[in-house]
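Written out below as C-alpha cells is the structure these notes cover.
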Amino acid sequence: MGASKSRPNLLILAGTTEAAALARAVSAAGIAGTVSFAGRVERLPAQPLPQRVGGFGGVEGLEAYLREHRITHVVDATHPFAVQMSAHALAACTRLGLPLAALTRPPWQEVPGDHWIHVPDMAGAVAALDRPATRVMLAVGRMHLADFLPHPQHFYLLRLVEPAKAPLPFPQHHVVIDRGPFSVEADRRLLQEHAIALVVSKNSGGTGAYAKIVAARTLGLPVIMIDRAPRLDRLELESVAAVLEWLAHADTDLGV
Ligand code: NAP
C-alpha cells in the first residue's frame, strides 16, 4: 500500500495547559481530533474536542485504539513527567508508522539567586529529605506523596488540584487546594505563612508552576529540583503553532 495523505484525525494525549491550548487551536482550525485524559482528576478542564478518559491498556491497547479510531497523527502533550505514557506513545506510533510529535515545555534553568539541589528522580528527592526535621513545600503531585512516608519528621505543605480521597499519612501537614496558574506574590506569601525552609519540585517547565521557584529565590530558599528523565527519540515542538504547522505537512500511511 502506498503512502496516502489523509485528512488528519488527531489524538491529543492531554492533562496539561498546553494540551488544552492545542485542543482549542485544533478545533478552531476545523481539524478532527480527540483529547485523551488519564482520568486522575474528577473535574476535567473544559475543551472543545471530543474526549476519552482512562488508560489504553499499555502499548498494545494504545495500538488497538489508534487502529480502531483511524488516528492519523498523535500529539503527546502530556506532562514532562508522564514518562510511561510518552514511552507508550512512541512505541505504538513507531510500530504503526504513525506520525508523532510531542508538545513539550523546555525545562527551567537555574538563574543567579537560585539555590537548587539537583536530584535525578523521585527516589533522589526522597533520599535528599533524609535530614533533620524542617518545613517543606512538597510539590511532587498527589501520586508521589506516599514515596515520602520514610520521612515523617518534616512538616509538609502540599498543594493539590483536588482534595485527597484518603487521609494523608503525614503527621504534620497542611493542604492547599488550587489548580493554578499561580502568582509569585501569592506563592511568596504562602511560603512565608507556613515558614517553609525547603521546596521540593519537579522540573516541570512552563509558566504555571514556576511562581514557587521564583518565590523560593526571592526568599533565599533552597529547592530540591527533580530533573527530567532523558529525552526520548521523537520530534519535540514547543508551541501550538509549530504543531499545527507540522500537522499540515506530516504525511501518514495507515494502510486503511
Ligand atoms: P504516566 O505515569 O506516564 O502514565 C501511567 C499510565 O496512565 C499510562 O501508561 C496510561 O495507562 C495512563 N495515561 C497517562 N496519561 C494518559 C492520557 N493522557 N490518556 C490516557 N491514558 C493516560 O502518567 P502520570 O505521570 O500518572 O500522569 C497522568 C496524567 O496526568 C497525564 O495525562 C499527564 O499529562 C497529567 N499530569 C501529570 C503530571 C506529572 O507530574 N506526572 C503533572 C500534571 C499533569 P495505559 O498504560 O493503561 O494506557
Derivation and outcome, side chain to side chain contact (heavy atoms under 4.5 Å, CB included), residues R234 and C93: CA-CA 10 Å; R234 62 183 185 179; C93 288; over 6 Å; no

CA sep, side-chain torsions, deciding dist, call: Y210, V184, side chain to side chain contact (heavy atoms under 4.5 Å, CB included): CA-CA 8 Å; Y210 191 52; V184 174; over 6 Å; no

Verdict with reasoning, H118 to E110, per side chain to side chain contact (heavy atoms under 4.5 Å, CB included): CA-CA 10 Å; H118 288 274; E110 204 166 353; 3.3 Å; yes

Check against side chain to side chain contact (heavy atoms under 4.5 Å, CB included), F148 and M122: CA-CA 9 Å; F148 291 83; M122 202 60 70; 3.9 Å; yes

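Residues A197 and T134 share a closest heavy-atom pair of CB-OG1, 3.4 Å. Among all heavy-atom pairs drawn from A128 and I224, the shortest one is CB-CD1, 3.6 Å. A pairwise comparison of heavy atoms in H173 and V175 identifies CD2-CG2, 3.7 Å as the closest pair. When every heavy atom of S204 is checked against every heavy atom of F81, the shortest pair comes out as N-CE1, 4.3 Å. Contact detail for L191 and A216: the closest heavy-atom pair is CD1-N, 3.9 Å. Shortest non-hydrogen contact noted between A92 and L66 is CB-CD1, 4.1 Å.
Both L168 and V136 are members of a single hydrophobic cluster when ILVMFWY side chains are connected at heavy-atom separations under 4.5 Å. Under the 4.5 Å side-chain heavy-atom criterion for Ile, Leu, Val, Met, Phe, Trp and Tyr, L190 and I196 are members of the same hydrophobic cluster. Tracing side-chain contacts under 4.5 Å through hydrophobic residues (I, L, V, M, F, W, Y), one reaches L219 starting from F155; they form part of the same cluster. Clustering ILVMFWY residues whenever any of their side-chain heavy atoms sit less than 4.5 angstrom apart, transitively, puts V140 in the very cluster that holds L149. In the hydrophobic clustering of this structure, V119 does not group with W116; members are Ile, Leu, Val, Met, Phe, Trp, Tyr whose side-chain heavy atoms approach within less than 4.5 Å, directly or through other members.
For the pair L145/L160, a side-chain contact is recorded, criterion being any heavy-atom separation below 4.5 Å from C-beta on. Two residues are said to be in side-chain contact when any heavy atoms from C-beta on lie closer than 4.5 Å; L100 and L235 fail this criterion. In this structure, the side chains of L11 and H69 stay at 4.5 Å or more apart for every pair of heavy atoms. For the pair H194/M137, no side-chain contact is recorded, criterion being any heavy-atom separation below 4.5 Å from C-beta on.
Proximity of a side-chain donor or acceptor of K202 to a complementary backbone N or O of I226 within less than 3.5 Å is not detected. A distance-only check finds no donor-acceptor pair linking the side chain of D76 to the backbone of A102 [under 3.5 Å]. The backbone N or O of G206 sits less than 3.5 Å from a side-chain atom of W108, completing a donor-acceptor pair.
Taking CG of L103 as the reference point, atom OG1 of T16 lies at 6.5 Å (rounded to 0.5 Å). From T17, atom OG1 reaches atom CZ of R179 across 11.5 Å, with rounding to the nearest 0.5 Å. Taken from CG in L138 to CG in L198, the straight-line distance is 9.5 Å, to the nearest 0.5 Å. Separating the CE atom in M85 from the OG1 atom in T78 is a distance of 7.5 Å, to the nearest 0.5 Å. Expressed to the nearest 0.5 Å, how far CG of L157 lies from CD of Q172 amounts to 12.5 Å. Distance check, rounded to the nearest 0.5 Å: CE of M225 to CG of N203 gives 5.0 Å.
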Under 3.5 Å, sequence neighbours excluded: what are the donor-acceptor pairs made by side chains of residues 27-42?
| residue | atom | partner | partner atom | Å |
| --- | --- | --- | --- | --- |
| S36 | OG | R52 | NH1 | 2.8 |
| E42 | OE2 | K165 | NZ | 3.3 |

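Applying the ring-ring contact (aromatic ring centres under 6.0 Å, His included) definition to pairs two or more places apart or across chains, none involves residues 7-34.
Between Y156 and F170, the two ring planes are tilted [angle within 30° to 60°]. Using bins of under 30°, 30° to 60° and over 60° for the plane-to-plane angle, the ring pair H154/H151 lands in the tilted bin.
Residue E236 qualifies as enclosed at atom CD: its count of foreign heavy atoms under 6.0 Å is above 12.
Partners of E193 under the salt bridge (Lys or Arg N to Asp or Glu O under 4.0 Å) rule, at least two apart in sequence or in another chain, do not exist in this structure. The salt bridge (Lys or Arg N to Asp or Glu O under 4.0 Å) search around R142 returns none, not counting sequence neighbours. The salt bridge (Lys or Arg N to Asp or Glu O under 4.0 Å) check on D114 picks up R217, with sequence neighbours excluded. Residues satisfying the salt bridge (Lys or Arg N to Asp or Glu O under 4.0 Å) criterion with R95, sequence neighbours excluded, are E63.
R159 forms a cation-pi arrangement with F182, by the criterion of a distance under 6.0 Å to the ring centre and an angle within 45° of the ring axis.
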